[in-house]
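Below is one structure, written out as structure tokens; comments come after it.
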Amino acid sequence: MLNTINKLFIVALVLLGVSCVDQDNSYLIPNITGKSHEVIVVMNKPTWDGAVGDTLYAVLTQDSPALPQAEPAFDVSNVSKANFENLASIRTFRNLVFTQVVDTIAHPEISIARGKWARQQLVVTIKAKSETDLVKLIGDKQDEIRQIIRETEMGRTLANFKQYPNVGLIQQVAKKYQLSFDIPSNYTLDQTYDNFLWFAHETPLMSQGFLVYWYPYTDERQLSKDSLVSRRNQFTRKFVPGSIKDSYMTTDMKFPMVYKEYTYKDEYTAELRGLWYTDHDFMGGPFVSLSKVDEINGRIVTIEGFVYAPKTSKRNYVAQLEAVLHTLHFKKKE
């Protein structure tokens, strides 16, 4: 799966005019440092305090979508070029962003390198003839810049999960339900019904869960936003009770949901992000779901990750769940 994701990165970057360099020297270099979704921008202070730094900081700290409280896409720090050269600990940081003004360059460009100074490291270099051109390039390509970093973090998460899979549960779900996805070792299967599964991971500070449900496929209108929300509410009302009698999970219809359609691994995918809460109860949090047509078995399958973490930030927890969602694929019935 990780190799597939890396290949998708390269294809996407080529289409965007972004060059990519992979360096297979991981056996010679240390592990990355820093926490998930942290980025260091290597830039001298005058540039950082000017238009280039302001634009790049705004792009990298844009609010993450569909979270109950504002959280930036990435936690961003700045170091000077001299400190970067002198401090080996910075060179091993997980996500590095450089900018360069090159007056001889023919066209502005964004290049990426992987594994340059550390395993699984991402280095993004943004080049243009002038600072004015840098500002324009960063603004024009802001979605792609965030996506490169976000998908790299997803790949790291999947690589970690693959080291500690819940093999027994993965095999059980594949054989009985013709569904396969990377279930981490710390998840248990809490609820099972004919067409609904609930996987859970609980700690003292938070709860993470996966809901997987399916129903017969009849036409493409079933993958519209309204249809998916309606189906979600039907399943969660029936199968996801709250802690108080007669309470149940539902969708916060007052909060603006994010709906996207795209093709992933040659499969049409409908993505939905929003907030959930328990009716007649006090619990709530963010969720993200992917819905696909399972042509092998003639059904629509939705896999959803949700978080309950009232005392802490939720961005990274959602990102962990999202990484797993993208591993879903279907199997023929034995």
Side-chain angles (χ1 to χ4, degrees), residues 1-5 154-204 206-217 222-223 228 231-243 248-249 264-272 276 285-309 316-334:
M1 177 67 187
L2 186 56
N3 289 335
T4 301
I5 288 177
M154 184 187 297
R156 294 174 183 138
T157 299
L158 287 176
N160 183 59
F161 284 163
K162 281 184 175 295
Q163 294 183 52
Y164 309 100
N166 191 327
V167 177
L169 196 52
I170 291 172
Q171 293 175 344
Q172 174 190 340
V173 170
K175 183 176 181 179
K176 189 171 182 179
Y177 302 104
Q178 294 76 56
L179 299 168
S180 179
F181 62 99
D182 292 344
I183 306 171
S185 60
N186 52 6
Y187 277 79
T188 59
L189 181 55
D190 276 16
Q191 299 282 355
T192 60
Y193 299 93
D194 289 342
N195 60 340
F196 180 89
L197 306 174
W198 179 356
F199 304 84
H201 168 51
E202 308 281 345
T203 75
M206 65 90 196
S207 299
Q208 289 172 295
F210 293 108
L211 306 179
V212 187
Y213 50 90
W214 56 95
Y215 45 93
Y217 173 66
Q222 292 173 289
L223 289 168
L228 292 176
R231 287 283 187 175
R232 179 183 191 276
N233 288 339
Q234 290 174 22
F235 276 95
T236 57
R237 179 167 187 160
K238 186 174 182 180
F239 297 124
V240 187
S243 59
Y248 55 88
M249 177 187 281
Y264 181 78
K265 294 179 66 175
D266 297 325
E267 293 179 334
Y268 172 85
T269 302
E271 177 183 297
L272 191 64
W276 63 272
F287 75 88
V288 55
S289 73
L290 303 182
S291 298
K292 302 180 180 183
V293 177
D294 174 9
E295 296 181 356
I296 297 174
N297 302 292
R299 58 184 174 173
I300 291 178
V301 178
T302 295
I303 181 169
E304 172 185 315
F306 68 92
V307 175
Y308 176 64
N316 289 4
Y317 291 139
V318 172
Q320 291 169 4
L321 296 168
E322 188 178 357
V324 173
L325 304 188
H326 282 286
T327 68
L328 175 70
H329 61 277
F330 312 116
K331 303 176 71 68
K332 291 182 180 179
K333 190 170 185 177
E334 297 180 0

Worksheet item: Sub-3.5 Å donor-acceptor pair from the side chain of T327 to the main-chain atoms of D182, do we have one?
Response: yes
Practice prompt. Write down the atom of F330, the atom of I296, and the distance for their closest heavy-atom approach.
Written response: O-CD1, 3.8 Å
Worksheet item: Roughly how far, to the nearest 0.5 Å, is the OG atom of S207 from the NE2 atom of H201?
Response: 9.0 Å
Worksheet, complete the sentence: d(Q171 CD, S180 OG) to nearest 0.5 Å is 10.0 Å
Item to complete: Say whether, by atom type as modelled, one donor and one acceptor occur between the side chain of Q208 and the main chain of A309 under 3.5 angstrom.
Response: no
Worksheet item: Looking only at atom types and distance, does a side-chain atom of N195 sit under 3.5 Å from a main-chain N or O of W214, one as donor and one as acceptor?
Response: yes
Worksheet entry | Minimum heavy-atom distance between G305 and L321, given as atom pair plus value | C-CD1, 3.7 Å
Practice prompt. Indicate yes or no: at least one non-hydrogen side-chain atom of L328 is less than 4.5 angstrom from one of L290.
Written response: no
Practice prompt. Any chance you could measure Q222, atom CD, to I300, atom CD1, to the nearest 0.5 Å?
Written response: 3.5 Å
Worksheet item: Between F287 and W276, is the gap from one ring center to the other below 6.0 Å?
Response: no
Worksheet item: What's the verdict on side chain to side chain contact (heavy atoms under 4.5 Å, CB included) for T192 and K176, showing C-alpha distance, side-chain angles and the deciding distance?
Response: CA-CA 11 Å; T192 60; K176 189 171 182 179; 5.6 Å; no
Worksheet item: Which heavy-atom pair separates Q320 from F161 by the least distance, and what is that distance?
Response: O-CE1, 3.7 Å
Worksheet item: Which atoms form the tightest heavy-atom contact between R299 and L179, and what is the distance?
Response: NH2-CD2, 3.4 Å
Worksheet entry | Considering all heavy atoms, the nearest Y264-H326 contact | CE2-O, 3.4 Å
Discussion item. For R231 and L228: C-alpha separation, side-chain torsions, deciding distance, then whether side chain to side chain contact (heavy atoms under 4.5 Å, CB included) applies.
Written reply: CA-CA 5 Å; R231 287 283 187 175; L228 292 176; 5.7 Å; no
Discussion item. Test of understanding: with side chain to side chain donor-acceptor pair (under 3.5 Å), list the residues that count as partners of N166, not counting sequence neighbours.
Written reply: none
Worksheet item: What is the ring orientation for F196 with F235, classed by angle as parallel under 30°, tilted 30 to 60°, or perpendicular over 60°?
Response: parallel
Practice prompt. Output, in order, the C-alpha distance, side-chain angles, deciding distance and verdict of side chain to side chain contact (heavy atoms under 4.5 Å, CB included) for V324 and F181.
Written response: CA-CA 7 Å; V324 173; F181 62 99; 3.7 Å; yes
Practice prompt. Determine whether M249 and F306 make a side-chain contact, defined as any pair of heavy atoms from C-beta on separated by less than 4.5 Å.
Written response: yes
Response to the item:
All heavy atoms of L325 vs all of E304, minimum pair found to be CD2-C, 3.9 Å
Item to complete: Rounded to the nearest 0.5 Å, what's the gap from CD on Q178 to NE2 on H329? Could you check?
Response: 12.0 Å
Worksheet item: In Å and rounded to the nearest 0.5 Å, what is the CG to CD distance from N316 to E322?
Response: 12.0 Å
Worksheet item: When rounded to the nearest 0.5 angstrom, what is the spacing between OG1 in T269 and CG in D266?
Response: 10.5 Å
Fill in: Within 6.0 Å of CD in Q163, more than 12 heavy atoms from elsewhere
yes
Practice prompt. Could you walk me through whether W198 and F239 pass side chain to side chain contact (heavy atoms under 4.5 Å, CB included), step by step?
Written response: CA-CA 9 Å; W198 179 356; F239 297 124; over 6 Å; no
